[in-house]
Q: 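One structure, pasted below without further comment.
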Amino acid sequence: MTDDICGYEGTGGDGPCQNPATDGDSCWIDTHGGHVDGHGRPSLLEEHEDDILAAAREGLTYEGIARVAGIGVSTLHDWRDEYGDFSEALERARSEAERELIQDVDAEFVLERSYGYVKTEKREVDVDADVDASHDVTADFVTYSPEDDGDE
């Protein structure tokens, strides 16, 4: 056995187990003489958890976080569903990133995206059409840019 792999010689004739060794000298499979910490986490999560949380603190999407760990996004979601402590830590890390990222964003944009806020204003418009002149014609203009000073 090497320091990196389990090396358990099973009866299947497939050669030694190639799973990574955990804290001991075997993998997490009980019949190989190993186990994972008290939570039953697979060693791959333990191996990449710090990188996953660091990526989450940087504001990466779940897809980006999974790429950092070299796993599929479905595996990341499975771990979130299966391990409550990991899920909580991941969401805390993502909220830290959200607070940092939001500092550099226009307040109206945050209000619009997070709370459905939309700034509208009514303006009279000229219309080249046969319109009943007894009614005012107005249009709603939605403004998203802080540079818009209303001089249009």
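Note that the coordinates shown come from a computational prediction; the quantities given were computed from them, not determined experimentally.
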Q: I need the E58 CD to R94 CZ distance, nearest 0.5 Å.
A: 13.0 Å

Q: Do you know which two heavy atoms are closest between A97 and A56, and how far apart they sit?
A: CB-O, 3.2 Å

Q: Looking at A55 and V68, what are the two nearest heavy atoms and their distance?
A: CB-CG2, 4.0 Å

Q: Can you find a heavy atom in the side chain of W79 that is under 4.5 Å from one in the side chain of L44?
A: yes

Q: Hydrophobic clusters here meaning ILVMFWY residues chained together by side-chain heavy-atom distances under 4.5 Å, can you tell me if Y62 and L101 are in one?
A: no

Q: Against D51, only a single residue in E47, H48, E49 fulfils side-chain contact (heavy atoms from CB on, under 4.5 Å); can you say which?
A: H48

Q: Hey, what do you get for CG (L53) to CD (E96), rounding to the nearest 0.5 Å?
A: 9.0 Å

Q: May I ask you to decide whether E91 forms a salt bridge with R80, counting only side-chain N to carboxylate O separations under 4.0 Å?
A: yes

Q: Just wondering, do I52 and L45 contact through their side chains at under 4.5 Å, heavy atoms?
A: yes

Q: For the OG atom of S74 and the CG atom of D81, what is their distance to the nearest 0.5 Å?
A: 11.0 Å

Q: For I65 and L60, work out which heavy atoms get closest and say how close.
A: CD1-O, 3.6 Å

Q: Taking the side chain as C-beta and beyond, is there a heavy-atom pair between F86 and L76 under 4.5 Å?
A: yes

